[in-house]
Number of protein chains: 2
Amino acid sequence: MEIQKTSLVNIVIERIKNSILENKLKPNDKFLTEKELTEQLKVSRTVVREALISLQAVGILKIKPGGGIYIADTKLGTINSILKHHYETYGVKIRELIEIRKVIELGALRLIIEKQVPLDIQQLKEINESYLQAITTNGDTKKFDRIFHQSLIKATDNDTFYDFSEIIHQYFALVRIDLTENQDSLIESYKQHNEIVDAIKDNDLLHAQKTMTAHFEPIFTFIKKMEEES
Amino acid sequence: MEIQKTSLVNIVIERIKNSILENKLKPNDKFLTEKELTEQLKVSRTVVREALISLQAVGILKIKPGGGIYIADTKLGTINSILKHHYETYGVKIRELIEIRKVIELGALRLIIEKQVPLDIQQLKEINESYLQAITTNGDTKKFDRIFHQSLIKATDNDTFYDFSEIIHQYFALVRIDLTENQDSLIESYKQHNEIVDAIKDNDLLHAQKTMTAHFEPIFTFIKKMEEES
DNA sequence: AAATGAAAATTGGTCTGACAATATTATAAC
DNA sequence: GTTATAATATTGTCAGACCAATTTTCATTT
């Protein structure tokens with residue numbers, strides 16, 4: 001007997017959601033005001049407000065004090081706060097998150113090669129060269145490393161996969177991890193990036209995945225050491 | 001300048017979250033009542049209610065009319081409504097979701113074998129036998145198929161991976177897909193299940209993944225046919 | 001003493017009206 | 001035309017009231 005009691009607020013929430021879909025409203029579009037909603041839906045302002053706040057909480061609407069109500073522009077962004085709570089509440093292990101990242105990256109390689117998606121090899125190489133330059137000039141290495149891996153995920157021609165990958169990444173960002181990387185290990189990463197791209201070009205999934213696995217090795221040994229110390 | 005103006009409601013939300021963490025409240029624990037919160041936090045009932053509703057929307061609290069406020073027991077469950085919106089708003093392709101499922105399942109096999117987690121082979125076999133019985137007696141085949149795959153994910157010794165896998169599964173459940181399966185194809189699935197288990201037992205990752213890939217083949221061809229028709 | 005059931009108290013749901021804080025728009029001054 | 005200021009619109013917060021659902025209390029019955 002899992003019957004949901006339909007409160008007025010829930011009804012209003014559904015109506016608003018439908019209204020958004022029916023009117024094909026896009027992110028940052030202006031929505032109706034509280035006043036308009038109370039008049040159209042013929043419910044109290046209280047109910048309207050609670051519905052709006054609820055929809056804002058799950059990232060569908062964005063309420064601007066004094067400025068009106070808008071369609072939120074974050075695709076799956078509000079999941080962040082939920083993940084934060086999940087992370088704080090349940091004892092999430094760093095190792096778990098890294099394993100998931102590895103699954104995603106290896107999976108991306110498989111999708112790219114198996115599906116034979118058109119891939120801009122040159123662009124990947126260029127990103128990696130920027131990565132190298134950041135390494136040699138003490139630049140923002142993490143930025144270009146992230147762009148490289150993001151590009152791989154994007155290349156899978158699977159937007160939903162990319163969205164979830166981003167979620168995992170943001171989840172991962174909750175964890176402070178101080179992996180001190182010296183220049184040598186960074187250059188090794190650079191070489192691995194190139195090796196992965198070449199393997200993709202050659203449709204050599206095994207080689208690509210093997211290199212990616214090696215790419216993950218340092219962080220796994222780091223985690224293992226951390227776990228042993230604690 | 002992305003400074004968030006801290007409305008009273010947001011402050012109350014943070015306080016309540018902290019309160020939950022500090023008091024180490026667990027799912028289904030009873031929380032404070034609206035009255036108690038208004039008195040403790042010295043804000044109006046309106047603010048308290050809007051904060052509570054917001055926290056309910058993201059799956060942290062559960063409000064029972066007349067019965068009080070409780071800590072919600074859904075780990076990442078409330079993400080569902082967000083995913084539903086995501087699915088309805090952005091044109092999510094079924095193919096994308098299946099590809100993600102494949103990445104997860106293949107990743108699970110890798111984790112199981114590479115990490116050499118202790119695995120109850122016998123139990124997996126038994127689940128699969130229940131699957132076979134369901135096939136031959138026109139029983140609930142989907143149920144046991146799901147249990148089998150769930151067990152594999154669980155066996156990775158990675159709770160977070162399992163949680164995300166469940167999210168994807170629930171996302172997938174949004175899609176109505178009528179893949180008519182005859183007895184023969186179901187029995188083929190049963191055999192593949194067994195083959196996968198045996199491959200795991202033999203630490204043969206390649207074989208396990210190859211079989212799993214074959215296991216996914218029917219649904220991919222089905223999707224391809226669907227896409228061609230539309 | 002235990003079980004039943006009605007009454008009372010508690011708790012969340014909705015409504016109304018008011019005023020404050022913020023953002024937008026219109027107006028006036030230059 | 002631009003800028004500064006005032007007026008308006010919109011969301012934020014508050015208070016009080018009543019309704020609906022649940023829980024508790026307690027008298028009644030067995």
Side-chain angles (χ1 to χ4, degrees), chain A residues 1-17 19-20 23 25 27-73 78, chain B residues 1-17 19-20 23 25 27-74 78 81:
Chain A
M1 301 298 154
E2 283 289 328
I3 295 173
Q4 271 290 354
K5 283 157 275 295
T6 50
S7 66
L8 236 183
V9 173
N10 285 327
I11 294 173
V12 170
I13 288 175
E14 286 309 313
R15 287 230 207 159
I16 292 177
K17 276 204 226 171
S19 169
I20 295 172
N23 294 80
L25 296 181
N28 295 319
D29 280 357
K30 198 172 193 310
F31 193 56
L32 304 172
T33 65
E34 289 183 357
K35 190 160 176 284
E36 290 168 331
L37 283 168
T38 57
E39 288 166 356
Q40 284 193 16
L41 301 172
K42 293 189 173 58
V43 293
S44 71
R45 195 178 157 215
T46 309
V47 170
V48 168
R49 276 189 62 80
E50 293 190 349
L52 292 174
I53 283 179
S54 209
L55 288 168
Q56 175 175 247
V58 296
I60 293 179
L61 293 179
K62 172 72 184 169
I63 305 174
K64 296 187 180 179
I69 320 260
Y70 296 80
I71 309 295
D73 63 347
T78 318
Chain B
M1 300 298 152
E2 282 291 327
I3 294 173
Q4 270 292 355
K5 281 156 269 302
T6 50
S7 67
L8 238 182
V9 174
N10 285 326
I11 293 173
V12 170
I13 288 176
E14 285 309 313
R15 287 229 206 160
I16 291 177
K17 277 203 222 169
S19 169
I20 294 172
N23 294 78
L25 296 181
N28 296 320
D29 281 357
K30 196 172 193 312
F31 193 56
L32 304 171
T33 64
E34 288 185 357
K35 190 159 176 285
E36 289 168 332
L37 283 169
T38 56
E39 287 165 357
Q40 284 193 17
L41 301 172
K42 293 187 172 58
V43 292
S44 71
R45 195 181 157 212
T46 309
V47 170
V48 168
R49 275 189 61 80
E50 294 190 348
L52 293 174
I53 283 178
S54 209
L55 288 168
Q56 176 174 248
V58 297
I60 293 179
L61 293 178
K62 172 72 184 169
I63 304 173
K64 295 187 181 179
I69 303 178
Y70 298 80
I71 309 295
D73 63 348
T74 50
T78 317
S81 70

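Convention: sequence-line order gives letters A, B, ...; per-chain numbering from 1.
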**Q** Test side chain to side chain contact (heavy atoms under 4.5 Å, CB included) on I16(A) and I60(A) and set out the steps.
**A** CA-CA 10 Å; I16(A) 292 177; I60(A) 293 179; over 6 Å; no

**Q** Starting at CG of L61(A) and ending at P of dT10(D), how long is that distance when rounded to a whole Å?
**A**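 One finds 16 Å between P of dT10(D) and CG of L61(A), rounded.
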
**Q** Whole angstrom is fine here: how far is it from CD1 in I53(B) over to P in dT13(D)?
**A**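 It works out to 14 Å between those atoms.
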
**Q** Is it true that, when you exclude K35(B) itself, more than 12 heavy atoms of the residues, nucleotides or ligands shown sit nearer than 6.0 Å to its NZ?
**A**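 No.
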
**Q** What's T33(A) touching, base or sugar-phosphate or nothing? Going by heavy atoms closer than 4.0 Å.
**A**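 Here T33(A) touches the backbone only, sparing every base.
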
**Q** To the nearest Å, give me how far apart CG (L52(B)) and P (dT13(D)) are.
**A**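 L52(B) atom CG is separated from dT13(D) atom P by 14 Å.
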
**Q** Of the candidate nucleotides dT16(C), dG13(C), dT13(D), which contains the atom at the shortest distance from the side chain of P65(B)?
**A**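 Taking heavy atoms from C-beta onward, the closest nucleotide is dG13(C).
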
**Q** Given atom NZ of K62(B) and atom C1' of dT22(D), what is their separation to the nearest angstrom?
**A**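 It is 14 Å, rounded to the nearest whole Å.
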
**Q** Nearest whole angstrom, please: distance from the C1' of dG13(C) to the CZ of R45(A).
**A**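 It works out to 17 Å between those atoms.
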
**Q** Tell me which of V47(A) and K64(A) sits closer to the 5' end of DNA chain C, going by the nucleotide each one is nearest to.
**A**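 Closest to the 5' end, via its nearest nucleotide, is V47(A).
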
**Q** Between T46(A) and E50(A), is any pair of side-chain heavy atoms under 4.5 Å apart?
**A**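 Answer yes - side chains close enough.
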
**Q** Looking only at the side chain of E34(B) (C-beta and beyond, no hydrogens), which of the listed nucleotides dC14(D), dG13(C), dT11(D) gets closest?
**A**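 Out of dC14(D), dG13(C), dT11(D), the nucleotide with an atom closest to E34(B)'s side chain is dG13(C).
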
**Q** For K35(A) and dT24(C), what is the distance between atoms NZ and P respectively, to the nearest whole Å?
**A**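 That distance rounds to 19 Å.
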
**Q** Any side-chain heavy-atom pair from D73(A) and K62(A) closer than 4.5 angstrom?
**A**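 No; the side chains remain at least 4.5 Å from each other.
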
**Q** Rounded to the nearest angstrom, tell me the gap between atom OH in Y70(B) and atom P in dT11(C).
**A**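 Distance check: Y70(B) OH to dT11(C) P gives 10 Å.
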
**Q** Once you apply a heavy-atom cut-off of 4.0 Å, does I69(B) come out as touching a base, just sugar-phosphate, or nothing?
**A**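 Counting heavy atoms under 4.0 Å across all strands, the contact made by I69(B) is with sugar-phosphate only.
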
**Q** How many angstroms lie between atom CG of L25(A) and atom CD1 of I20(A), to the nearest 0.5 angstrom?
**A**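 Reported value, rounded in 0.5 Å steps: 6.5 Å.
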
**Q** Between dT13(D), dT14(C), dT11(D), spot the one nearest the side chain of I63(A), thanks.
**A**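 Side chain of I63(A) sits closest to dT11(D).
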
**Q** What is the distance from NZ of K30(B) to P of dT22(D), rounded to the nearest Å?
**A**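 In whole Å, dT22(D) P lies 14 Å from K30(B) NZ.
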
